S.K.: 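My questions will all concern the structure given below.
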Amino acid sequence: MCGELRKAHVGQKVFLAGWVDRRRDLGNLIFIDLRDHTGMTQVVVSREKDPEAHEKGEQVRSEFVVGVEGEVLERSAETVNAQVATGEVEVRARRLLILNEAKTPPFAIEDETKTAEETRLRYRYLDLRRPRMQERLRLRHRAALAVREHLSEHKFVEVETPFMTRSTPEGARDFLVPSRIQHGKFYALPQSPQLFKQLLMIGGTDRYFQIVRCFRDEDFRADRQAEFTQVDIEMAFPEREALFEIIEGLMEKLWALAGVQIERPFPHLTYDEAMERFGSDKPDLRFGLEWRQIAVPAAAREKLRLFESLKAMRLPKLAEISRSQLDRLQDFARTTSADWFSYFKVSGRGIQSPLGKVIGDEAVKALAEGIGAEPGDLVLLLGIKKSGTTSPRTTRSSADRRLDEASGVLRLEAARRFELIPKGGWHFAWIVDFPMFEFDEKEKRFNAMHHPFTSPQEEDLEKLESDPGDVKALAYDLVLNGSEIGGGSIRIHRQDIQRRVFKALGMTEEQARARFGFFLDALEYGTPPHGGIALGFDRIVALLSGESNIREVIAFPKTASAVDLMCEAPAEVDSRQLDELGIRIK
RNA sequence: GGGGACGUAGCUCAGUUUGGUUAGAGCGCAUGCCUGUCACGCAUGAGGCCGCGGGUUCGAGCCCCGUCGUCCCCGCCA
């Protein structure tokens, strides 16, 4: 192959085939860099020595597909190219075959491209020729192999589940597929194989996995596509920690592909803790900034009595930050869900803060002591005003939740602005004990935070009816450097509890039957306790490749408006096709 | 659904501030010369619906309105 020739091959006869990366025509001597996925080799064609090959060489252009028959020559000392792995040798072409011509490509096939993504996607087959894209596809392949190997070792079996299934109105919007045989009826593409994997557990396949495509008809982002790939995993008789161990072992193997040894075991954070300390259920733990809920100091109680909730965060060594930077941070804080932002700086000379004028220096000092501020610290403060809302109780009040949200956004923004995020470093964490439900303020009802098949925690069962907002679920997320790369739960395996959860979600018995009747039936035939997790395969491969956009690790991705620019999908169809399906476009 | 950025040669961009004659650059491409190049070099040349539609104006790449596309974010994504 093109990238494999070394000094040891000197003198051998070889046949190479590949794409013309570059041609350098010196007249009577032509150099051709021949490329395949393994790399490049320089081919020399001389008019004097090989006139026929030389004549072909004159016709060759970028991206022509050519075959070369010749021998490996050692380059003289002056002509060695140390930049290239094959730079000590070259191939003298005795015969040159043009296997196929090529139009001039719309952009150069090289790693350092500035070409607009739109153009790259339109000509994805050319974009994929870039060595970096080849590396990513191959990394993805090795990651898939590692998944299959690791899970097989742990006695999991890969089972395929249907892509044409039944629409379930829970969760994301479904992609629908019309039925020709039964007009007016539709299949849905799965948002995930959730029910199927649970049915596999009931079906005695007690350890299942699948590298599987999932479909969600929602709006897209850098880390979200209309179709994406999950590593879907489920096991019967699950111990949460045993599952975590299997997954951590898998992460270890995956990161080894990138030459990284990760630290295990991963720390556990409860959801409440993550929200309070980091303002996020997917905290970026690469940097140590943490919020603390604080009490209003007695001296300031009068002035700050409007506040229901206050949080403070220490930023060590940032006391020298300029006033204008803080003003800009304040502008940013105003765009968050918090009602109030302030700060103080602690230096050898004491505490400086615009807050002193409002609540008095003594009160600021009390605040500083309250959170253990030290000289050199910049301390940011966020507050939420008291309000009269009457949402049902959840583990944290709605003011707390607004404050958490703002604190999470501000923490990330401050870390970015003040360049506190270290390069490299992989900080995994398990987020556990998620709330079972979240309250939908618009619809005035509870939704399942994970999904409606997640088991409530044993000790919270009695609150399912009386105080659903306070019920914790046996749900967990796997988080890495601030992104969620997986999530799962221990499932409900008892029909009576499943019914109660549906009821808490505001579903009547009839609605539950209509949507999930087959599943409720199945639960009655000896369902083993079971649970699992789904990992975001695209996100994982993207992180392994150092990319923040999953399009970079998907061979043929779609744009943010769910369009395939290369094949121009979606597209209109013949009216005959619509007729057969009994569909008329409004 | 909302907000922001971008759209000029095949590619990447300048030109838009302050409307004015023939819209530029680098790379790529074509042709010629060149036997040690490797981002080859040198010379010559071709290449433009300034995203699209409307408007203002004597005159629009530039101003106004609309629209389409791409990217990022919010909502959404159990």
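Lettering of chains follows the sequences in order, A, B, ..., and the numbering in each one begins at 1. Treat the numbers as computed from the prediction; the structure is a model and nothing was measured.
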S.K.: On a whole-Å scale, what distance lies between the C1' atoms belonging to rG41(B) and rG51(B)?
M.R.: 38 Å
S.K.: Measure from CG on Asp25(A) to P on rC33(B) and round the result to the nearest Å.
M.R.: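 Distance, rounded to whole Å: 10 Å.
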S.K.: Quick check: any donor-acceptor pair below 3.5 Å linking the side-chain of Glu118(A) to the base of rG51(B)?
M.R.: no
S.K.: Taking a pair as Watson-Crick or G-U wobble with both distances under 3.5 Å, which nucleotide is matched to rC13(B)?
M.R.: rG24(B)
S.K.: Please report the C-alpha distance between Tyr271(A) and Asp477(A) in whole Å, then the side-chain angles of each, then the deciding distance to 0.1 Å, and finally whether the side-chain hydrogen bond (donor to acceptor under 3.5 Å, both in side chains) criterion is met.
M.R.: CA-CA 9 Å; Tyr271(A) 171 85; Asp477(A) 275 357; over 6 Å; no
S.K.: Do the side chain of Arg47(A) and the base of rC34(B) come within less than 3.5 angstrom through a donor-acceptor pair of N or O atoms?
M.R.: no
S.K.: What contact category does Gln83(A) fall into here, base, sugar-phosphate, or nothing, at under 4.0 angstrom with non-hydrogen atoms?
M.R.: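 Since no nucleic acid heavy atom lies under 4.0 Å of Gln83(A), the category is nothing.
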S.K.: Using whole Å, what does the distance between atom C1' of nucleotide rC71(B) and atom NZ of Lys558(A) come to?
M.R.: 18 Å
S.K.: Taking atom types as modelled, is there a side-chain donor on Gln194(A) or Gln198(A) under 3.5 Å from an acceptor on the other?
M.R.: yes
S.K.: Pairing check on rC34(B): which nucleotide meets the Watson-Crick or G-U wobble criteria with it, both distances under 3.5 Å?
M.R.: none
S.K.: Once you round it to whole Å, what is the distance between C1' of rC77(B) and CG of Asp219(A)?
M.R.: 9 Å
S.K.: To the nearest angstrom, how far is Arg334(A) atom CZ from rC74(B) atom P?
M.R.: 22 Å
S.K.: Tell me the interatomic distance from Leu565(A), atom CG, to rC68(B), atom C1', rounded to whole angstroms.
M.R.: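 Spelled out: CG on Leu565(A) to C1' on rC68(B) is 13 Å.
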S.K.: Is the phosphate of rU70(B), meaning OP1 or OP2, less than 4.0 Å from a side-chain N or O of Arg551(A)?
M.R.: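 The answer is no; no side-chain N or O of Arg551(A) sits under 4.0 Å from OP1 or OP2.
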S.K.: Kindly say if Ser561(A) contacts the phosphate of rU70(B), meaning a side-chain N or O under 4.0 Å from OP1 or OP2.
M.R.: yes
S.K.: For Ala108(A), which contact category applies under a 4.0 Å heavy-atom criterion: base, sugar-phosphate, or nothing?
M.R.: nothing
S.K.: Examine the base of rC38(B) for any acceptor or donor lying under 3.5 Å from a partner atom in the side chain of Arg75(A), and report the outcome as yes or no.
M.R.: yes
S.K.: Would you kindly give the CG-to-C1' distance between Asn28(A) and rG32(B), to the nearest whole Å?
M.R.: 14 Å
S.K.: So, Arg120(A) and Glu552(A), do they make that salt bridge, N to O below 4.0 Å?
M.R.: yes
S.K.: Does the plane of the ring in Phe453(A) sit parallel, tilted or perpendicular to the ring in His451(A)? Use 30° and 60° as the thresholds.
M.R.: tilted
S.K.: Would you please confirm or rule out a distance under 4.0 Å between OP1 or OP2 of rC72(B) and any side-chain N or O of Asn549(A)?
M.R.: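 Answer is yes, contact under 4.0 Å.
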S.K.: Taking only the C1' atom of each, what is the distance from rG28(B) to rA9(B) in whole angstrom?
M.R.: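 Straight-line distance between the two C1' atoms is 11 Å.
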S.K.: Before giving the answer on ring pair (Phe, Tyr, Trp, His ring centres under 6.0 Å), spell out for Phe332(A) and Phe341(A) the whole-Å C-alpha distance, their side-chain angles and the decisive distance to 0.1 Å.
M.R.: CA-CA 10 Å; Phe332(A) 177 82; Phe341(A) 168 85; 9.5 Å; no
S.K.: Should rG7(B) form a Watson-Crick or G-U wobble pair with both distances under 3.5 Å, which nucleotide is its partner?
M.R.: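 Check on rG7(B): paired to rC68(B), both distances under 3.5 Å.
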S.K.: Report the C-alpha distance between Thr38(A) and Asp36(A) in whole Å, list the side-chain angles of each, state the deciding distance to 0.1 Å, and finish with yes or no for side-chain hydrogen bond (donor to acceptor under 3.5 Å, both in side chains).
M.R.: CA-CA 5 Å; Thr38(A) 62; Asp36(A) 62 23; 2.5 Å; yes
S.K.: Select base, sugar-phosphate, or nothing to describe what Pro106(A) touches, counting heavy atoms under 4.0 Å on all strands.
M.R.: sugar-phosphate
S.K.: In whole Å, I'd like the distance from the CD1 atom of Ile550(A) to the P atom of rC72(B).
M.R.: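 It is 10 Å, rounded to the nearest whole Å.
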S.K.: Whole-Å distance between rU37(B) P and Glu58(A) CD?
M.R.: 20 Å
S.K.: Side chain of Ala222(A) only, heavy atoms from C-beta on: which candidate in rC72(B), rC40(B), rC71(B) is closest?
M.R.: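 Selected nucleotide (nearest to the side chain): rC72(B).
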S.K.: Find the partner of rG47(B): check Watson-Crick (N1-N3 plus N6-O4 or O6-N4) and G-U wobble (N1-O2, O6-N3) distances, both under 3.5 Å, and reply none if neither fits.
M.R.: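 Partner of rG47(B): none found under 3.5 Å.
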S.K.: With a 3.5 Å cut-off and just heavy-atom distances, do the side chain of Asn81(A) and the base of rC38(B) make a donor-acceptor pair?
M.R.: yes
S.K.: Identify the nucleotide, in any strand shown, that forms a Watson-Crick or G-U wobble pair with rG61(B), with both distances under 3.5 Å; if there is none, say none.
M.R.: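 Result: none.
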S.K.: Which part of the nucleic acid does Asp217(A) contact within heavy-atom distance under 4.0 Å: base, sugar-phosphate only, or nothing?
M.R.: nothing
S.K.: On the 0 to 90° scale, with breaks at 30° and 60°, tag the Phe244(A)-Trp430(A) ring pair as parallel, tilted or perpendicular.
M.R.: parallel
S.K.: Answer with yes or no whether Arg22(A) presents, from its side chain, a donor or acceptor under 3.5 Å of a partner atom in the base of rC38(B).
M.R.: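 No.
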S.K.: Can Asp284(A) and Arg411(A) be counted as an ion pair, charged N to O under 4.0 angstrom?
M.R.: no
S.K.: Please confirm whether the shortest side-chain N or O distance from Thr115(A) to OP1 or OP2 of rC11(B) is below 4.0 Å.
M.R.: no
S.K.: Find which nucleotide of RNA chain B each of Glu78(A) and Thr119(A) is nearest to by heavy atoms, and output the residue with the more 5' nucleotide.
M.R.: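 On the 5' side of the pair lies Thr119(A).
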S.K.: Look at all strands and tell whether Glu90(A) reaches a base, only sugar-phosphate, or nothing, counting heavy atoms closer than 4.0 Å.
M.R.: base
S.K.: What is the nucleic acid contact for Thr79(A), judged by heavy atoms within less than 4.0 Å: base, sugar-phosphate only, or nothing?
M.R.: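 Base, at least one base heavy atom under 4.0 Å.
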S.K.: If you compare every side-chain N and O of Arg61(A) against the phosphate oxygens of rA30(B) (OP1, OP2), does one of them come in below 4.0 Å?
M.R.: yes
S.K.: OP1 or OP2 of rC77(B) sitting under 4.0 Å from any side-chain N/O of Arg221(A)?
M.R.: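 So the side-chain polar atoms of Arg221(A) never come under 4.0 Å of the phosphate oxygens OP1 or OP2 of rC77(B).
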S.K.: Scan every strand shown for a Watson-Crick or G-U wobble partner of rU56(B), both distances under 3.5 Å, and answer none if you come up empty.
M.R.: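 Pair assignment: rU56(B) / none.
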S.K.: If only side-chain N and O atoms of Arg24(A) are considered, is one of them under 4.0 Å from the OP1 or OP2 phosphate oxygen of rU37(B)?
M.R.: no
